[in-house]
Each structure stands twice: as C-alpha cells, then as structure tokens.
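Owing to the predicted nature of the structure, the values given are computational and were not obtained by experimental measurement. Each ligand, and each atom within it, is numbered from 1 in the order the structure gives.
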Amino acid sequence: MLEKISQLTDEISALTAASLQDVEQLRIKYLGKKGAITLLMADFRNVPAESKREVGQAINQLKTLATEKINTLRETLADADSDDDAVDLTRTATPRLFGTRHPLSLVKREMLSIFASMGFTIAEGPEIEDDWHVFSSLNFPADHPARDMQDTFFISRDPADILLRTHTSSVQTRVMEKTQPPIRIVCPGRVYRNEAISARAHCFFHQVEGLYIDKNVSFADLRQVLLQFAKEMFGPETQIRLRPSYFPFTEPSAEMDISCNICGGKGCALCKGTGWVEILGCGMVDPNVLKACGIDPEVYSGYAFGMGIERIANLKYRVTDLRLFSENDVRFLHEFDAAR
Ligand code: DAH
C-alpha cells in the first residue's frame, strides 16, 4: 500500500490541467466517491495494526497534497479566465475622482487677475530670507518688536540673521534692488509667524503684496486702485474707507476697511455692528526704503499695500476657522468644487 501511495504522490505532484473542466475530472479521479484516494482510505481497514500509524499518516499527506494541488490548478485557471474578461466594454466607466483647486488658490488667482487687469505683473521671492530683506531695508528699527523671537522664526542668528519671512513685503526689496522704476508688481506667497495655532491665527498664512513706483505716484492713485480691487472682489456696491495707521515702510500709512459684505454696511456679527471690516494695510513707500533699494526718492514715489489671502477668503466664503485651510479635509475642499 505504501508503494501505491508513493506512486500516487508522484503522479499528483506532476498534474497539469488546461481548463477548469480538466481540473474537475482530476478531482473526481482522485478525490471523488470512487476516486483513487477515496478507495485507498476504504482499504485502510485491511492494513495490519502495526502499520496503521505509518500508512494512516501517508494517506493523510496524500489527501492534503491532492486537495491543495487541485485548488491551486483551479485558482490559476480561474485567474487566467477572469483576465480574458478584463476588458468588458459593457461596463460603466470606472468613476474618476478629480481633485479640486484649493480655496486659497482660487482666491489668490482671482486677486491676481484683478491686479493683472490693472497692469500689475507677478513677482515672487524666497520664503527663507535674511534680516535685510524682511526688516532692515524696510525701515524697521533695530529694536522693533517684530524682530523678536515671539513673532519671527529664526533659522540662524550668527553670523547673519536667516529667518522665515514674516511678510511678502520682502519681495518689494528684492525687486527694487534689481529694477529701476516704473515698477508695478503684486507678490503672492506664504509667510510665517510664531503664533499659537487657533481658529484665528496660524503659524503660516498667505499674503499678496502690491507695489507701484513711478514718477508722480500719489495717495489718490493708491486709493483708486484699492477701490477698484474691492469692487471687483466683493461686488460693485462695495465701499472702502482708509484709516490712518503705522507701518515702518510707508509714510503716511493706512488700513483699509470695506463695507461689510454680509450686511451691506448695516451692522452684523461679522463686522461687530460697525458696518466695516478691515482687509489690508497700505501707504506711500517711505523715502528711506526707496533709498535703501537704490531708487532716488527725489525723482520717484510709490505706494505699497499688503493683504492676507486667508482674510479675503474668509470674507468671501465665510470660513470662520483658519485651520480648515491647512487640514486638507476633502469634505471642506469639495465645498469649493463649483468655484473651480
Ligand atoms: N507687511 C504688512 C503685514 O504683514 C502688510 C502691509 C502693510 C504691506 C502696509 C504693505 C503696506 O505694503 O504698505 O502686516
């Protein structure tokens, strides 16, 4: 009997099949009711007691071998079979998931295209900056609090201050250093500040900076460009107001409010009942800044402005938690599908 088992083991190990029907034939031949292995098992009764243990083990091994072999043959053929059907032209096309533009990209694009229509070109600069471009050239005194570790992420302090830019005003300097007026640019980009992350503050956000330098540029020019921007961004009935403010790099400086785009100026929760919401800082470029960048303030004058893209996006889309912009929750991102 052991001889028979060994012969069947060799035979089964070498089995091949060309189709699923062949596999079924083999199953019947070895494992079916009258199959070779089934018959062997029936014969087991006649094995002398002293050999039962050895023969029993051998039959079991043979049965396992045959079952596994047949299953393997069946799976291989079934796989090949389904490959034949891989191109099923009657099936609906697999749905494709398209990404969407990020809301900040949408808003940035809209802002830039409004300024482009008024003749501004785009300029960009590095996020890793030095003290000169972010602070000194922009007339920040040596002891200005914005240089403090509280606000600025320093990468190294010695021998020179290398830091993550805290505003895109640094791009003004980079462009003025290399170009003589007329200069008319908008500078979009990411900026960093050492702030605790909350619904209202983040350690990075985005700004668009504007700069116009030429002969005889006046505050009235600045006001007109900003009014035009506000109307195109928030609707033709939008009004603006300028309040005196302070920035080291502009003189005079102002902050600009727009009439609240939710209540239309009547007063609501968003504008805290005032009818106005602040959107940007601006002013006439300080002569010290022009001088620092190699532009003669006796010949040229200019204006600058800077605003946060998140701020504009919040007003346009009522996103009240800044963190949503950087969490990449697709449910949030898909809310902007229609704006794409
Ligand atoms: N750099 C300022 C900030 O980050 C924004 C700003 C204000 C930019 C006035 C300007 C400007 O160009 O004239 O808060």
Side-chain angles (χ1 to χ4, degrees), residues 108 111-112 115 120 122-125 127 129 131-141 144-148 150-153 163-177 181 183-195 200-214 217-227 229-230 240-258 277-290 292-293 295 297 300-312 314 322:
K108 177 176 83 175
M111 293 167 73
L112 294 180
F115 286 114
F120 287 80
I122 295 172
E124 287 179 311
E127 293 178 12
E129 267 292 7
D131 178 278
W132 168 255
H133 290 94
V134 177
F135 298 126
S136 298
S137 65
L138 294 167
N139 205 33
F140 280 81
H144 195 280
R147 294 167 182 259
D148 195 339
Q150 291 302 310
D151 296 308
T152 307
F153 288 115
L163 45 94
L164 294 177
R165 67 180 177 193
T166 55
H167 56 182
T168 43
S169 306
S170 53
V171 186
Q172 285 189 22
T173 307
R174 292 210 167 258
V175 172
M176 284 191 281
E177 280 173 339
I183 295 171
R184 187 153 44 177
I185 51 166
V186 272
C187 321
R190 180 174 290 179
V191 302
Y192 300 82
R193 288 186 198 176
N194 194 357
E195 304 255 9
R200 308 193 44 147
H202 211 295
C203 58
F204 66 81
F205 58 99
H206 302 80
Q207 291 185 327
V208 169
E209 179 86 11
L211 177 73
Y212 180 36
I213 314 272
D214 205 344
V217 177
S218 73
F219 202 93
D221 298 327
L222 169 62
R223 188 184 183 284
Q224 194 55 33
V225 160
L226 294 178
L227 176 63
F229 167 75
I240 62 168
R241 81 175 178 186
L242 290 153
R243 287 177 288 103
S245 182
Y246 172 77
F247 299 102
F249 34 92
T250 43
E251 181 59 36
S253 303
E255 275 168 325
M256 187 178 98
D257 300 337
I258 56 166
V277 285
E278 185 195 319
I279 66 161
L280 58 82
C282 62
M284 301 305 292
V285 180
D286 194 293
N288 288 340
V289 174
L290 295 176
C293 300
I295 292 174
Y300 295 106
S301 58
Y303 61 70
F305 55 85
M307 63 189 115
I309 302 180
E310 280 82 350
R311 175 93 185 124
I312 306 290
N314 286 352
L322 266 182

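- Polar contact with ligand 1: absent for Phe247 (N/O pair, distance under 3.5 Å).
- Met284 CE to Ser218 OG: the interatomic distance, rounded to the nearest 0.5 Å, is 6.0 Å.
- Each of the following atoms of ligand 1 lies closer than 4.0 Å to a heavy atom of Thr250: 13 (O).
- Shortest contact from atom 2 (C) of ligand 1 to any protein heavy atom: Phe249 CZ, 3.9 Å.
- The protein heavy-atom contact nearest to atom 13 (O) of ligand 1 is Ala304 O, 3.1 Å.
- Distances below 4.0 Å separate heavy atoms of Gly283 from the following atoms of ligand 1: 13 (O).
- Aromatic ring centres of Phe249 and His167: separated by under 6.0 Å.
- In summary, Glu278 and Arg243 engage in a salt bridge, as defined by a charged side-chain N under 4.0 Å from a carboxylate O.
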Discussion item. Go through it in stages, so that I can follow the logic: the residues are Leu112 and Phe115, the test is side chain to side chain contact (heavy atoms under 4.5 Å, CB included), and I'd like the CA-CA distance, side-chain angles, deciding distance and then a yes or no.
Written reply: CA-CA 5 Å; Leu112 294 180; Phe115 286 114; 5.5 Å; no

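- Contacts between Tyr303 and ligand 1, counted as non-hydrogen atom pairs separated by less than 4.0 Å, are absent for every part of the residue.
- Atom numbering of ligand 1 starts at 1 in the shown order; those under 4.0 Å from a heavy atom of Gly281 are 7 (C), 9 (C), 11 (C).
- The residue Met307 has no part lying near ligand 1, judged by heavy-atom distances below 4.0 Å.
- Between Gln207 and ligand 1, at least one pair of N/O atoms sits closer than 3.5 Å.
- For Glu209 against Gly306, the heavy-atom pair with the smallest separation is OE1-CA, 3.9 Å.
- Heavy atoms of Met256 found under 4.0 angstrom from ligand 1: none, in either backbone or side chain.
- Closest of all the heavy-atom pairs between Ile213 and Ile295 is CG2-CG2, 4.5 Å.
- Annotation: Arg190, atom CZ; neighbour count of heavy atoms from other residues, nucleotides and ligands within 6.0 Å is above 12.
- Atoms of ligand 1 lying under 4.0 Å from at least one heavy atom of Gly306, given by number and element, are 6 (C), 8 (C), 10 (C), 12 (O).
- At a heavy-atom distance under 4.0 Å, only side-chain atoms of Ser169, from C-beta outward, approach ligand 1.
- Taking all atoms of both residues into account, the shortest heavy-atom contact from Ala292 to Ser137 is CB-O, 3.9 Å.
- Here the shortest heavy-atom distance to atom 4 (O) of ligand 1, taken over Gln172, Glu209, Arg193, Arg165, belongs to Arg193.
- Phe204 and His202 have tilted rings, their planes meeting at an angle from 30° to 60° on a 0 to 90° scale.
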